[in-house]
A.B. asks: 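Okay, here's the structure, questions in a sec.
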Amino acid sequence: MRVVIAEDNVLLAEGLSLVLTSSGHEVVSRVTTGEDFVRAVAEHRPDVTVVDVRLPPSFRDEGVRAALRARRDRPDLPVLVLSQYVEGTYARELVAHGARGVGYLLKDRVARIGEFLDALERVAGGGTALDPEVVKQLLARRGGPLTTLTPREREVLGLMAQGYANGEIAQRLVVTERAVHKHVGNIFAKLDLPPGDSGHRRVLAVLAYLEG
């Protein structure tokens, strides 16, 4: 894959580049500001991008704003956002602007190379990858029907929001795929969501509910 990185921390940017290139990907541009990121995306047409939330000059939200600008020009642009902390507003805003090909990871997840690459590839393929801690805090901030879910259903919902399919969820929870399918049906019923097929549309429905 061809990747554009927007990260002002030199050590982290270098680490990301090494991880990606050693895994067979090509880093076509490495930038440190939101403006340069938008230009790099337009010039290189990458397969996926990795963007820090906070970039110069104000270190508030330049990265995610630049990602949203780039997606307005290219709606299919896959964006994996990195943040030091869970900043729910930005996670919800990305979801609100069309969640296809969107990820939000905490920076310490980058140290877990396998998980990072798995998330990046899922986002590049048009899927969704939310950090488990992001999902946890988004769920915690929502009340209403979510309180009717059982602990197991909340586990399944969290894994769905991270982008996992039923078979992957079953493996992670050490249960049968049939059991997961039943939990998913209960979740949709309790959240008053229309039943969808497995995969991305199901994730989008859940994320849309969380964003609401």
A.B. asks: Strictly distance-based, threshold 3.5 Å: is any side-chain N or O of H25 a donor or acceptor partner for the main-chain N or O of M1?
C.D. replies: yes

A.B. asks: Apply the test side chain to side chain contact (heavy atoms under 4.5 Å, CB included) to residues E155 and I169: give CA-CA distance (whole Å), side-chain angles for both, the deciding distance (0.1 Å), then the verdict.
C.D. replies: CA-CA 9 Å; E155 282 186 288; I169 294 173; over 6 Å; no

A.B. asks: Is the shortest side-chain heavy-atom distance between L157 and L149 below 4.5 Å?
C.D. replies: yes

A.B. asks: I'd like to know whether NE2 of H181 has more than 12 heavy-atom contacts from other residues, nucleotides or ligands below 6.0 angstrom.
C.D. replies: no

A.B. asks: Under 3.5 Å, side chain of K107 to main-chain N/O of L82, donor-acceptor pair present?
C.D. replies: no

A.B. asks: Do V48 and I113 land in one hydrophobic cluster if side-chain heavy atoms of ILVMFWY residues count as linked below 4.5 Å?
C.D. replies: yes

A.B. asks: Could you give the distance from CD (E153) to CE (M160), rounded to the nearest 0.5 Å?
C.D. replies: 11.0 Å

A.B. asks: Considering only NZ, NE, NH1 and NH2 on the basic side and carboxylate oxygens on the acidic side, decide whether R65 and E35 come within less than 4.0 Å.
C.D. replies: no

A.B. asks: Hey, could you give me the OG1/CG distance between T33 and D52, rounded to the nearest 0.5 Å?
C.D. replies: 12.0 Å

A.B. asks: In Å and rounded to the nearest 0.5 Å, what is the CZ to CZ distance from F37 to R30?
C.D. replies: 15.0 Å

A.B. asks: Mind checking the CG-NE2 spacing from L159 to H183? Nearest 0.5 Å is all I need.
C.D. replies: 11.5 Å

A.B. asks: Measure from the side-chain N and O atoms of E26 to the backbone N and O of V28, and report whether any donor-acceptor pair falls under 3.5 Å.
C.D. replies: no

A.B. asks: Between E168 and A165, is there a donor-acceptor pair closer than 3.5 Å when you use the side chain of the first and the backbone of the second?
C.D. replies: yes

A.B. asks: Ignoring hydrogens, what is the shortest heavy-atom contact between N166 and V184? Give both atom names and the distance.
C.D. replies: OD1-CG2, 3.8 Å

A.B. asks: Check V50 against F116 and note the closest heavy-atom contact, atom names and distance.
C.D. replies: CG2-CZ, 4.4 Å

A.B. asks: Flag the pair E177 and K182 as a salt bridge only when some basic side-chain nitrogen lies within less than 4.0 angstrom of an acidic carboxylate oxygen.
C.D. replies: no

A.B. asks: Taking 4.0 angstrom as the limit, do R122 and D118 come out as a salt bridge?
C.D. replies: yes

A.B. asks: Does the side chain to side chain contact (heavy atoms under 4.5 Å, CB included) test come out yes or no for L173 and R152, once each step is laid out?
C.D. replies: CA-CA 9 Å; L173 298 181; R152 178 62 88 185; 3.4 Å; yes

A.B. asks: Please report the closest heavy-atom contact between A70 and L77, naming both atoms and the distance.
C.D. replies: CB-CD2, 3.6 Å

A.B. asks: Quick one: pull up OG1 in T49 and CG in L120 and give me the separation to the nearest 0.5 Å.
C.D. replies: 8.5 Å

A.B. asks: Shortest non-hydrogen contact from A129 to L105?
C.D. replies: O-CD2, 4.3 Å

A.B. asks: Between V53 and R60, what is the shortest heavy-atom contact and its length?
C.D. replies: CG1-O, 3.9 Å

A.B. asks: Would you call V123 and P78 a side-chain contact if the rule is heavy atoms closer than 4.5 Å?
C.D. replies: yes

A.B. asks: Step by step, would you call I5 with V27 a side chain to side chain contact (heavy atoms under 4.5 Å, CB included)?
C.D. replies: CA-CA 7 Å; I5 297 173; V27 178; 4.0 Å; yes

A.B. asks: Would you mind checking if D76 and R74 are paired as a salt bridge, meaning a charged N to carboxylate O distance below 4.0 Å?
C.D. replies: yes

A.B. asks: Of the non-hydrogen atoms in T32 and L55, which two are nearest, and what is the gap between them?
C.D. replies: O-CD2, 3.7 Å

A.B. asks: How many angstroms lie between CD in E121 and OG in S23, if you round to the nearest 0.5 Å?
C.D. replies: 8.0 Å

